[in-house]
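Here is the structure we will look at.
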Amino acid sequence: MPDISVVINAYRRKNFVKEAIISAVLQNVPKNRYEVILVTDLNDSELNDIVAPYGHVIHYPNEKGGAMYAKGIAEASGKIIAFLDDDDMFIQGKLKRVLEAYESSRLLGLYRHTVTFVNDKGRPLIAPDTQATTLRERFIKPVSTLALSYSLLGKLMVKLGPTRRLIKDTVAVLPPHIYTKNLEREAKMFTREEKERAIRYLAEEVHKVRPDLYDPLYWLGFNSSSITALREPLLSYLDTISRFYYAQDNAYILIFLASNYGLVHEPLKLTLYRVHGHQVMFRHGNDTAFERKACNEYFELKRLVEELRLESLIDIDRTEASGVRPICDGSFTWAR
């Protein structure tokens, strides 16, 4: 029986899933210690062949990412679940570090880490506040009279035509709304008291980055591919997890905050997080289907916090998920 089950969720997106699978199967731990389970609506013999020596494929078309992950959790053999979205990749040492973390503490329930942001081609992205300096050094330094701010640089990139393409190909810039998503410090919380102190501290720290939020989930609940969790506690919440389209990573954090197990975050970049044009984020828009899903996530997170009696720690109305609340109030039936 393997120690770790890597569960990969792939729904309607074929562009990157092969790379995700390969990153999971080429881990530097003994092959008998992990398995790979691909949960997908794709019928692709090549993907099946890649997975076959390491695990199996579950054909399960469901637009709710949480439902697909729940299906994988239910059929997994490992005591630890390592989640992997179809557009992300593990670095080779990911599972080795996960095993070390769980072997160091019998009370560890959920382990997470930071990510390296990459573009659709897998190239690392730089933070927006370094963009002007980098471009000045590479392209504009000879023109000493030209001073560039980030906002001006953004305008120039829109107007430069062919030069804009050169700049964008040479310097890949991380979108401002996402570059603060890495928690660059260690966090360990095992007792109730430790969890309360850590959650309140992280909420205050997020408020410094985003004055509109008091949201520890801003960091802790970011990106399923950065999270591993004990399988056994999750089995009691498969129905709950199945109700989420994309905020199941938040649900994992809430479940273990309410449990007797500990949570550990390490500032180790063990996953490549791909930033591209087909991701789902909490945002406003004119897309009724998206609004319906976003409202669903907000209400389901609010319900889960109440069910787990975490209201004193997490106020969903002050989290990033609540950004859609103005279009959802009084619409719980519609939003589901």
Side-chain angles (χ1 to χ4, degrees), residues 8-17 20 39-43 59-72 83-88 117 119-120 154 158 174-181 206 210-215 217-218 221-225 227 237-254 273-307 314-336:
I8 305 173
N9 164 12
Y11 178 72
R12 289 190 179 178
R13 297 193 303 195
K14 190 176 178 180
N15 292 9
F16 309 117
V17 65
V39 186
T40 184
D41 65 326
L42 302 171
N43 288 302
H59 291 284
Y60 182 62
N62 194 314
E63 67 173 329
K64 291 187 174 181
M68 298 185 79
Y69 273 130
K71 185 71 171 177
F83 303 99
L84 180 56
D85 292 340
D86 57 6
D87 52 351
D88 295 335
F117 293 104
N119 66 9
D120 57 350
V158 171
L174 192 60
H177 70 274
I178 203 171
Y179 85 99
T180 58
K181 284 291 190 175
V206 169
R210 286 281 305 271
D212 56 321
L213 302 178
Y214 283 92
D215 182 8
L217 298 177
Y218 182 84
F222 168 66
N223 182 228
S224 290
S225 305
I227 295 174
Y237 293 95
L238 293 184
D239 287 344
T240 297
I241 296 168
S242 295
R243 289 197 285 267
F244 288 95
Y245 287 94
Y246 51 83
Q248 58 275 358
D249 38 15
N250 288 255
Y252 305 143
I253 300 297
L254 295 174
Y273 179 95
R274 206 185 303 259
V275 180
H276 57 93
H278 300 287
Q279 289 164 309
V280 179
M281 306 292 291
F282 287 116
R283 64 180 185 273
H284 293 288
N286 297 320
D287 185 340
T288 301
F290 173 79
E291 291 178 356
R292 180 186 182 93
K293 294 174 183 177
C295 290
N296 178 85
E297 309 303 88
Y298 164 69
F299 284 118
E300 289 296 345
L301 287 173
K302 196 172 183 67
R303 183 198 60 77
L304 183 57
V305 165
E306 293 171 356
E307 177 186 327
I314 307 285
D315 182 355
I316 290 299
D317 288 330
R318 304 184 81 180
T319 66
E320 196 173 24
S322 69
V324 297
R325 185 177 53 178
I327 63 172
C328 304
D329 282 349
S331 305
F332 182 69
T333 303
W334 171 82
R336 288 173 64 91

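A 4.5 Å side-chain heavy-atom check between I8 and V39 finds every atom pair outside the cut-off. A heavy-atom distance below 4.5 Å is not found between the side chains of K181 and Y273. For the pair I316 and Y298, the minimum side-chain heavy-atom distance is below 4.5 Å. The side-chain heavy atoms of I253 and L217, taken from C-beta on, include a pair separated by under 4.5 Å. Contact check for S224 versus Y252: side-chain heavy atoms found under the 4.5 Å cut-off. Counting heavy atoms from C-beta on, the side chains of F299 and C328 come closer than 4.5 Å. Here the side chains of L304 and T240 are in contact, with some heavy-atom distance below 4.5 Å. Using a 4.5 Å heavy-atom cutoff, the side chains of D315 and Y214 are not in contact.
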Handout entry: side chain to side chain contact (heavy atoms under 4.5 Å, CB included) between E291 and V324, worked out
Key = CA-CA 8 Å; E291 291 178 356; V324 297; over 6 Å; no
Handout entry: Residues N15, D87; criterion side-chain hydrogen bond (donor to acceptor under 3.5 Å, both in side chains); working and verdict
Key = CA-CA 8 Å; N15 292 9; D87 52 351; over 6 Å; no
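S242 and Y69 share no side-chain donor-acceptor pair at under 3.5 Å. Side-chain atoms of D215 and T319 include no donor-acceptor pair closer than 3.5 Å.
Considering OG of S322 and CZ of R318, their distance stands at 10.0 Å, rounded to 0.5 Å. Atom NE2 of H59 sits about 9.0 Å away from atom CG of L42, to the nearest 0.5 Å. Atom CG of L84 is separated from atom CG of N9 by 9.5 Å, given to the nearest 0.5 angstrom. Expressed to the nearest 0.5 Å, how far OG1 of T40 lies from NZ of K14 amounts to 10.0 Å. One distance of note links CD of Q248 with CG of D85; it measures 7.0 Å at 0.5 Å rounding. One finds the CG atom of L254 at 10.5 Å from the CD atom of E307 (value rounded to the nearest 0.5 Å).
Side-chain atoms of D249 never come within 3.5 Å of backbone atoms of F222 as a donor-acceptor pair (strictly under, hydrogens ignored). Side-chain atoms of N296 do not come within 3.5 Å of backbone N or O of Y245 as any donor-acceptor pair. Of the possible polar contacts, none joining the D88 side chain to the S225 backbone as a donor-acceptor pair under 3.5 Å is found.
Salt bridge absent: E297 and K293 never bring a charged side-chain N and a carboxylate O closer than 4.0 Å. Using a cutoff of 4.0 Å between basic side-chain nitrogens and carboxylate oxygens, E300 and R303 are scored as salt-bridged.
Other residues, nucleotides and ligands place more than 12 heavy atoms under 6.0 Å from the CZ atom of R210.
Taking all atoms of both residues into account, the shortest heavy-atom contact from A10 to D86 is CA-OD2, 3.4 Å. Nearest heavy atom pair, residue N62 against residue Y11, reads O-CD1, 3.5 Å. The heavy-atom pair separating D120 from R274 by the smallest distance is O-NH1, 3.0 Å.
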